[in-house]
Amino acid sequence: MVNITNNAFFIIISGVIGIVFCWKAQKRIRLSLAKHPSLTGHLRFQKAFTGFVPRFSYSKDNWLSQDSAPDQVIFRRQKGFNSLSNSLKEMAPKTINMSKELSRSLPDLDFISKYKVPFQFSSVLDDLPLGAVWKSTDGNKLVDYDGNEFIDISGSYGVNLLGADFYKQSVDKGVANAKDFGTHLGGYHSVIFENIEKLKNITKKENISFHMSGTEAVMQAVRLARFKTGKKKIVRFSGAYHGWWDDVQPGPGNPMPPSNYTLTLREMHINTLNLLRRRTDIACVLVNPIQVMHPNKSAPGDSTLIDSSRSFAVNVEEYKNWLTSLRRVCSEQNIILIFDEVFVGFRLALGGAQEYFGVCADLITYGKTLGGGLPIGVLAGDERFMKRYKEKKPGEITFARGTFNAHPYVQSSMNVFLNKISVMAKNGLYEKQNEIWKNRLTEINLVLKDNELPLRFCGIQTVWGTIFTKPSMFNWLLQFYLRKHLINIGWVGTGRFIFNFSFSDRDFTIFKNRFVNAALNMKQDGWWDSRAQLTNGQLKKHFLLGLLQAKIKGDRANV
């Protein structure tokens, strides 16, 4: 009898363990199926891979011939490179020297200077100096300390929506309007009443809170989602950027391992929806609408241009359908849906992604351009999501403050922006700009095609990126040819061209002509010429072989 009882007990325990194991295995499988198959969907593997990668550099003696180009092409490249290097040095010696001096004490500048190109080409960086200190702006022109006038496509990280002149005027008016109030903090300038009413009308939300940056606004949105739902896990999508704090930037660039409270899932995929339907521990889902240009991929930068496989695929209708399905699942599962419009806010429509895609979010974050040229973060949502305490449990609160929240000068400058953009929207701003930028995109792509240049633009409204249509490992050089031809782009390079609504037809014609001339210059110098039948796959294999050789030889090897 005892043996039978022991056997039964053993069978029951084994069965329970088996059930728990199967349940956990199914849960793990569902999560794996909802992850993107690339490294961007598997952050621990991605961090392990980046930790494996040694720094190596092609030497100055052989970097030109890494694609096995014919000797006559290598000769053209060397001649063209020398000319490019001399032009950059001669056109801006004062600006370059100021920038070099600054980078010695400013880690931000030192970092972006080193990561403008793929690290394996770092040996040539000293020959391609770029200035990073500017004297003035004039319309869409950026003037350096040597008097060069660049057409500016950097967009000030997305701030510049209405043109540099507007923001100078906005800040001047904002400071003037708040001068009697000064910099008193903790209380509120009365202009905040109008700002809140305008933002409530724009976002269709009941409550507004102010922060010091877009990153802070996202931090508060996630914190409130956890507080309101009582759940801890958050969902972000592969490649999407939501600021540089640990929970939402858990891959390379963050010294901490990926958080156990953050799930990085595959955007625009049925497996993700299925997972969200089954999980009961997810507080919120973060969406960055700029990902419509490159779902599940990180923001494209020239520091990773090892071949020509960069792609963009803007399909507004598909993305709208995805957001509609996501909205439905979030509502069913008590998951708070957050639209992070820190970058793209006010570029697509006055009502942002909600209006543009026709999908309502629970919480919306803004930053950048909304401050009228000054730093700002804004969070909008209905009262049920925004209240920071519980009526029946006075000890349960969620805290968020900041010394410069609702700064009077920022609020006053924001008011100038909100009044301006509201009037412009009523006068058909977005309908006109949508048509203008659609036509301009078509126009420049036709010119590139007619000139037999292996380049195309793809974009949404005023945010564009370049696609390279011919395999090459030297595409990263285009940013330097653009600088030579007086075009200034953001530090990440040709993956982001950020225009603004003040671009006249004349401004765009100047940009178009300079861009085409820069590309023709690059083509003439042989950077898109290589051995026959070269493929992007072969270029990737060549890079991986270089990694292995460097790993064997030791870090910082020359290959």
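Hydrogens, waters and symmetry mates are skipped; everything else that's a heavy atom, side chains included, is used.
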Quiz item: Can you list the residues that meet the salt bridge (charged side-chain N to carboxylate O under 4.0 Å, His left out) rule with D110, with sequence neighbours excluded?
Solution: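 For D110 the salt bridge (charged side-chain N to carboxylate O under 4.0 Å, His left out) partners, ignoring immediate neighbours, are K114.
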Quiz prompt | Contacts of type salt bridge (charged side-chain N to carboxylate O under 4.0 Å, His left out), residue R514, not counting sequence neighbours | solution =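 R514 satisfies salt bridge (charged side-chain N to carboxylate O under 4.0 Å, His left out) with no other residue.
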Mind listing the side-chain donor-acceptor pairs of residues 456-465 below 3.5 Å, one per line with the distance, residues two or more places apart or on another chain?
residue	atom	partner	partner atom	Å
R456	NH1	L453	O	2.9
Q461	NE2	N434	OD1	2.0
T462	OG1	R347	NH1	2.7
W464	NE1	Q461	O	3.1

If the condition is side-chain contact (heavy atoms from CB on, under 4.5 Å), which residues does [X] pass it with, not counting sequence neighbours?
{"X": "S87", "value": "S83, K484"}
{"X": "M91", "value": "L88, N148, F150, L486"}
{"X": "P37", "value": "R266"}
{"X": "R327", "value": "C330, S331, L337, V359, D362"}

Self-check item: Pairs meeting criterion side-chain hydrogen bond (donor to acceptor under 3.5 Å, both in side chains) with involvement of residues 212-222, two or more places apart
Solution: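 Qualifying pairs: none.
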Exercise. List for me each residue that meets side chain to side chain donor-acceptor pair (under 3.5 Å) alongside T95, sequence neighbours excluded, and say none if there are none.
Key: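 T95 satisfies side chain to side chain donor-acceptor pair (under 3.5 Å) with D146 once adjacent residues are dropped.
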Practice problem: Could you tell me which residues satisfy side chain to side chain donor-acceptor pair (under 3.5 Å) with E101, sequence neighbours excluded, listed by chain and number? | Solution: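 Not a single residue meets the side chain to side chain donor-acceptor pair (under 3.5 Å) criterion with E101.
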Self-check item: Under 3.5 Å donor-acceptor, S308 side chain and K470 backbone
Solution: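 Looks like yes, one N/O pair under 3.5 Å.
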Quiz item: What's the shortest heavy-atom distance between S99 and L109, and which atoms?
Solution: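 Here S99 and L109 meet closest at O-CD2, 3.5 Å.
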Side chains of residues 285-302: which donor-acceptor pairs under 3.5 Å do they make with residues two or more places apart or in other chains?
residue	atom	partner	partner atom	Å
N288	OD1	I290	N	3.2
N288	ND2	Y241	O	2.9
Q291	NE2	H294	O	3.4
Q291	NE2	K297	O	3.1
H294	ND1	K297	O	3.2
H294	NE2	R496	NH2	3.4
N296	OD1	E267	N	2.7
N296	ND2	E267	O	3.1
K297	NZ	S311	OG	2.4
D302	OD1	R310	NH2	3.0
D302	OD1	T494	N	3.1
D302	OD1	T494	OG1	2.8
D302	OD2	Q479	NE2	3.4
D302	OD2	T494	N	3.1
D302	OD2	T494	OG1	3.4

Practice problem: Using the salt bridge (charged side-chain N to carboxylate O under 4.0 Å, His left out) rule, collect all pairs that involve residues 523-532, keeping only residues at least two apart or in two chains. | Solution: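 Sorted pair list: R76-D529.
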Quiz item: Can you tell which of W63, F119, F121 makes a ring-ring contact (aromatic ring centres under 6.0 Å, His included) with Y58?
Solution: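 In the set W63, F119, F121, the residue that makes a ring-ring contact (aromatic ring centres under 6.0 Å, His included) with Y58 is F121.
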